[in-house]
Number of protein chains: 2
Amino acid sequence: MDERELLLLGLLSFQSQHGYQINEFIERNLARVTSMKKATAYAILDRLARDGYASVHTEQAGNRPPRKVYALTPRGEERFRELLRQSLVDPGESAIPGDVGLMFLDQLPRDEVIEGLRMRLARVDEQIAELEQVPPHGHGIGVDLAVEHKLVLLRADRDWLRGVITRLDAGSD
Amino acid sequence: MDERELLLLGLLSFQSQHGYQINEFIERNLARVTSMKKATAYAILDRLARDGYASVHTEQAGNRPPRKVYALTPRGEERFRELLRQSLVDPGESAIPGDVGLMFLDQLPRDEVIEGLRMRLARVDEQIAELEQVPPHGHGIGVDLAVEHKLVLLRADRDWLRGVITRLDAGSD
DNA sequence: TTTTCCATGTAACTCGTTACATGATTTC
DNA sequence: GAAATCATGTAACGAGTTACATGGAAAA
């Protein structure tokens with residue numbers, strides 16, 4: 001159920017890592033996937049170790065601060081697969097925000113609505129353009145599927161937005 | 001930025017209401033739009049009054065518990081329009097959950113993945129069927145647009161899921 | 001020499017949910 | 001007579017974020 005835990009387990013399933021390393025990776029490469037903050041990641045890693053899903057051993061490189069390296073235990077791998085299965089079946093309610101706003105759309109002058117939706121459309125277009133430039137990932141199809149999924153939904157949103165704007169434009173005679 | 005506040009302001013923009021009334025309405029008709037809990041709604045209504053966005057006066061019908069009836073003030077109406085404009089332009093990051101799971105999809109045996117996605121597809125199909133039976137709302141196009149929007153995204157999700165399953169099926173020879 | 005990097009954490013805070021309290025009144 | 005309805009709230013809890021502390025090393 002918990003996407004954050006799943007993410008950390010997944011990252012550890014590739015290789016053992018220490019918290020700082022994981023946080024760097026998330027910040028650099030996964031900013032659009034998760035918004036988990038560093039303190040949270042440290043806390044969850046701690047919890048994973050307490051629950052027996054990960055083992056910890058401390059490493060020291062030269063005179064640097066000691067690192068706590070986490071490695072998945074067999075139980076942790078099982079936990080990972082369990083959460084993964086769950087997340088495939090039930091990704092959780094995809095809270096589509098903004099629909100509350102749509103509901104009250106009639107309370108606003110039509111041109112303000114159109115202007116607002118145009119700005120929204122522009123942002124969606126940007127996101128699409130950005131995602132389209134993400135190169136294929138290579139290692140398995142999972143990551144590529146995730147990107148593709150986001151793209152598909154964004155394009156559907158874009159097309160719908162265009163349609164709505166057109167209709168509103170036509171109706172404002 | 002706050003969808004809950006926008007929702008309450010919007011409901012009050014139709015007519016003055018007391019908290020219990022609003023909560024009932026939300027529970028009965030807006031369960032799929034918001035998951036806001038009663039205590040939260042009471043608290044936000046309180047805040048709206050404190051901030052001058054709503055006026056409060058207490059009514060008593062017979063021997064029943066007194067009602068605190070909230071009505072939008074002019075400032076409240078302005079606030080409502082302001083939040084509404086914002087929400088049209090920037091509905092907020094549509095957290096698409098489950099994409100974390102997709103990323104790690106290669107770590108699971110292909111038939112488990114396919115089975116999981118089939119179950120997911122079935123649930124999406126159900127949601128679509130359910131939404132397709134919602135009758136047109138009549139009062140303005142806003143509510144209908146919100147439903148339509150959700151439908152469009154669900155259908156895009158469904159089509160994508162079908163495609164992925166087909167591809168995985170083909171690849172598992 | 002000041003800033004940034006490394007690496008981990010803690011303490012305070014925010015926001016929302018859960019569960020409960022209240023007390024009359026209507027319904028089963 | 002027991003249970004649900006009406007109507008509002010409070011207190012405790014949980015999860016996550018923010019901001020900060022630490023202290024040596026490398027980079028500017």
Side-chain angles (χ1 to χ4, degrees), chain A residues 1-9 11-12 15-28 30-31 33-51 54-71 83 92-93 95 97 100, chain B residues 1-9 11-12 15-28 30-31 33-51 54-71 83 92-93 95 97 100:
Chain A
M1 271 255 185
D2 181 6
E3 287 244 316
R4 298 161 206 271
E5 186 178 335
L6 176 59
L7 177 62
L8 294 183
L9 288 170
L11 292 178
L12 288 180
Q15 56 169 326
S16 305
Q17 296 179 71
H18 58 276
Y20 188 87
Q21 202 178 353
I22 288 183
N23 274 322
E24 285 296 288
F25 185 80
I26 289 176
E27 196 174 46
R28 298 218 169 107
L30 302 179
V33 172
T34 185
S35 56
M36 179 170 46
K37 296 306 183 283
K38 310 192 181 192
T40 311
Y42 281 122
I44 295 181
L45 285 173
D46 222 53
R47 199 183 66 204
L48 290 179
R50 269 208 320 279
D51 294 349
S55 63
V56 203
H57 71 105
T58 306
E59 273 183 9
Q60 186 125 15
N63 234 338
R64 312 246 170 153
R67 307 163 163 175
K68 291 174 70 176
V69 179
Y70 295 84
L83 286 185
E93 280 315 306
V100 170
Chain B
M1 270 253 185
D2 182 6
E3 286 244 316
R4 298 162 206 271
E5 185 178 337
L6 175 59
L7 177 62
L8 293 183
L9 288 170
L11 291 178
L12 288 179
Q15 57 170 327
S16 304
Q17 297 179 69
H18 58 275
Y20 188 87
Q21 203 177 354
I22 288 183
N23 273 323
E24 285 295 290
F25 185 79
I26 289 176
E27 196 174 48
R28 297 218 171 108
L30 301 180
V33 172
T34 185
S35 55
M36 180 171 44
K37 297 303 183 284
K38 311 193 179 190
T40 311
Y42 281 122
I44 295 181
L45 285 173
D46 221 53
R47 199 185 66 205
L48 290 178
R50 269 207 320 278
D51 295 349
S55 63
V56 204
H57 71 106
T58 306
E59 273 184 5
Q60 185 126 16
N63 234 338
R64 309 225 161 195
R67 308 163 163 176
K68 290 175 70 173
V69 178
Y70 295 84
L83 286 185
E93 280 314 307
V100 171

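Labels below follow one simple rule: chain letters A, B, ... track the order of the sequence lines, proteins then strands, and each chain is numbered from 1.
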Atom-to-atom span, [atom1] of [X] to [atom2] of [N] - whole angstrom:
X: Gln60(B); N: dT8(D); atom1: CD; atom2: P; result: 11 Å
X: Leu8(A); N: dG16(D); atom1: CG; atom2: C1'; result: 14 Å
X: Leu45(B); N: dG16(C); atom1: CG; atom2: P; result: 13 Å
X: Met36(B); N: dT17(C); atom1: CE; atom2: C1'; result: 13 Å
X: Asp2(B); N: dT14(C); atom1: CG; atom2: P; result: 16 Å
X: Glu27(A); N: dC5(C); atom1: CD; atom2: P; result: 10 Å
X: Arg47(B); N: dT14(C); atom1: CZ; atom2: P; result: 13 Å
X: His57(B); N: dA7(D); atom1: NE2; atom2: P; result: 14 Å

Donor-acceptor pairs are to be reported for all side-chain atoms of residues 61-69 of chain A against protein atoms at under 3.5 Å, with residues two or more places apart or in another chain.
none

Quiz item: Taking only N and O in the side chain of Thr40(A), is any of them less than 4.0 Å away from OP1 or OP2 of dT17(D)?
Solution: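 Checking Thr40(A) against dT17(D): at least one side-chain N or O falls below 4.0 Å of OP1 or OP2.
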Quiz item: Considering only dT17(C), dC6(D), dG16(D), which nucleotide approaches the side chain of Lys37(B) most closely?
Solution: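 Selected nucleotide: dT17(C).
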Quiz item: Rounded to the nearest 0.5 Å, how far apart are OG of Ser16(B) and OH of Tyr70(B)?
Solution: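 Separation between the atoms: 12.0 Å.
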Self-check item: Pairwise distance CG(Leu83(B)) to CZ(Arg4(B)) - rounded to 0.5 angstrom
Solution: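 CZ of Arg4(B) is found 14.0 Å from CG of Leu83(B).
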What's touching nucleotides 8-13 of chain C from the protein side, N or O pairs under 3.5 Å?
| residue | atom | partner | partner atom | Å |
| --- | --- | --- | --- | --- |
| dT8(C) | OP1 | Lys68(A) | N | 2.7 |
| dT8(C) | OP2 | Gly19(A) | N | 3.3 |
| dT8(C) | OP2 | Tyr20(A) | N | 2.4 |
| dT8(C) | OP2 | Tyr42(A) | OH | 3.3 |
| dG9(C) | OP1 | Lys68(A) | NZ | 2.8 |
| dG9(C) | OP2 | Lys68(A) | NZ | 3.4 |

Self-check item: Contacts of type side chain to side chain donor-acceptor pair (under 3.5 Å), residue Arg28(B), not counting sequence neighbours
Solution: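 Side chain to side chain donor-acceptor pair (under 3.5 Å) check on Arg28(B) returns Glu24(B).
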Can you give me the N/O atom pairs linking the protein to nucleotides 22-28 of chain C at distances under 3.5 Å, or say none if there are none?
| residue | atom | partner | partner atom | Å |
| --- | --- | --- | --- | --- |
| dT25(C) | OP1 | Asn63(B) | ND2 | 3.0 |

Exercise. Identify, with sequence neighbours excluded, every residue that meets side chain to side chain contact (heavy atoms under 4.5 Å, CB included) alongside Val33(B).
Key: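 Once residues adjacent in sequence are excluded, the partners of Val33(B) under the side chain to side chain contact (heavy atoms under 4.5 Å, CB included) criterion are Val100(A), Met103(A), Leu30(B).
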Self-check item: Set of side chain to side chain contact (heavy atoms under 4.5 Å, CB included) partners for Gln17(A), sequence neighbours left out
Solution: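 Gln17(A) satisfies side chain to side chain contact (heavy atoms under 4.5 Å, CB included) with Leu11(A), Leu12(A), Gln15(A), Gln21(A), Ile22(A) only.
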Under 3.5 Å, side-chain donor or acceptor atoms of residues 34-47 of chain B against the rest of the protein: list the pairs with distances, not counting sequence neighbours.
| residue | atom | partner | partner atom | Å |
| --- | --- | --- | --- | --- |
| Thr34(B) | OG1 | Met36(B) | N | 3.2 |
| Lys37(B) | NZ | Ser35(B) | O | 2.8 |
| Arg47(B) | NH2 | Glu5(B) | OE1 | 2.9 |

Quiz item: Side-chain contact, heavy-atom cut-off 4.5 Å: Ile26(B) with Leu8(B)?
Solution: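 Yes, at least one pair of side-chain atoms sits under 4.5 Å.
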Quiz item: With a 4.0 Å cut-off on heavy atoms, is Ser35(B) in touch with a base, just the backbone sugar-phosphate, or nothing at all?
Solution: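 Sugar-phosphate only.
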